[in-house]
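Each chain gets a letter, A, B and so on, in the order the sequences are listed, and its residues count up from 1. These figures come from a predicted structure and were not determined experimentally.
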Amino acid sequence: MFLIRRFKLANHPTLQLRYYCTPTSSSFTSKKLFVGGLSWSVDEKSLNDAFSSFGEVVEVKIIYDKDSGRSRGFGFVNFTKEDDASSAKDAMDGKALLGRPLRISFALEKVRGGPVVVPRLSNVRDDSS
DNA sequence: AATGAGCGC
């Protein structure tokens, strides 16, 4: 089920490839939620407060821009049980937090290790024999 | 400076 390697080609200059483990079915469950649509001013504490009532929250992480320090407007919430994550998603998806409606889905996991690009030098000779 | 779909180090 989590077998499809999906790649996304980001905007040209960096030509970054990002691989994610995506489920074959569009609806799946996870203990980890992706929470988008966050107001710039939402921090991890308030996000925790908003989600901890649905179950035991292991981790709350908001993604901040590396050098501007500003929130990128999304984050992740980890529950111990995916039932809790699921009900939190159902209850909070579309619901506004600090004025902005949350966009919640189950988190995609980055493919472990990421893509391995094997250097292939076409003019390398095999001198082993 | 303002930005508003997306999936982190």
Practice problem: Identify whether any heavy atom of A/Gly37 sits under 4.0 Å from a base atom; if not, whether one sits that close to sugar-phosphate; answer base, sugar-phosphate or nothing. | Solution: base
Quiz item: Between A/Lys81 and A/Lys31, which heavy-atom pair has the shortest distance, and what is it?
Solution: C-CG, 3.8 Å
Quiz item: Are the ring of A/Phe74 and the base ring of B/dG6 both nearer than 5.5 Å at their centres and tilted by less than 30°?
Solution: no
Exercise. Can you tell me the distance, in whole Å, between the CD atom of A/Glu44 and the P atom of B/dG8?
Key: 15 Å
Quiz item: With no angle test and no hydrogens, is the base of B/dT3 tied to the side chain of A/Arg70 by a donor-acceptor pair under 3.5 Å?
Solution: yes
Quiz item: In whole Å, what is the span from the CZ atom of A/Arg103 to the P atom of B/dA5?
Solution: 7 Å
Quiz prompt | Heavy-atom pair with the smallest gap, counting every atom of A/Asp49 and A/Ser52 | solution = O-OG, 3.7 Å
Quiz item: Minimum heavy-atom separation for A/Val58 to A/Thr80, with atom names?
Solution: CG2-CG2, 3.3 Å
Self-check item: Nearest-Å distance for atom pair CZ/P, residues A/Phe76 and B/dC9
Solution: 9 Å
Exercise. Provide, to the nearest angstrom, the distance between the CG atom belonging to A/Asp65 and the C1' atom belonging to B/dT3.
Key: 12 Å
Quiz item: Quick one: A/Leu108 CG to B/dG6 P, roughly how many Å, whole number?
Solution: 12 Å
Quiz item: When the distance from NZ of A/Lys31 to P of B/dG8 is rounded to whole Å, what number comes out?
Solution: 20 Å
Self-check item: Selected nucleotide, minimal atom distance to A/Lys32 side chain, candidates B/dG4, B/dT3, B/dG8
Solution: B/dG8
Quiz item: Where each residue is assigned the nucleotide of DNA chain B containing its nearest heavy atom, which of A/Lys66 and A/Val35 is assigned the position nearer the 5′ end?
Solution: A/Val35
Self-check item: For atom CD of A/Glu59 and atom P of B/dC7, their distance in whole Å
Solution: 18 Å
Could you pull out all donor-acceptor pairs under 3.5 Å where a side-chain atom in residues 66-76 of chain A meets a protein atom, sequence neighbours excluded?
unit_1  : atom_1 : unit_2  : atom_2 : d
A/Ser68 : OG     : A/Asp65 : OD2    : 3.0
A/Ser68 : OG     : A/Arg70 : N      : 3.3
A/Ser71 : OG     : A/Gly73 : N      : 2.9

Exercise. Compute whether any side-chain donor of one residue and acceptor of the other, for A/Glu82 and A/Thr29, lie under 3.5 angstrom apart.
Key: yes
Self-check item: Touch class at under 4.0 angstrom, heavy-atom based, for A/Ile104 against every strand present
Solution: nothing
Quiz prompt | Ring-base stacking, A/Trp40 with B/dA2 (5.5 Å, 30° cut-offs) | solution = no
Exercise. Using atom CG of A/Leu98 as one end and atom C1' of B/dG4 as the other, report the distance to the nearest whole Å.
Key: 16 Å
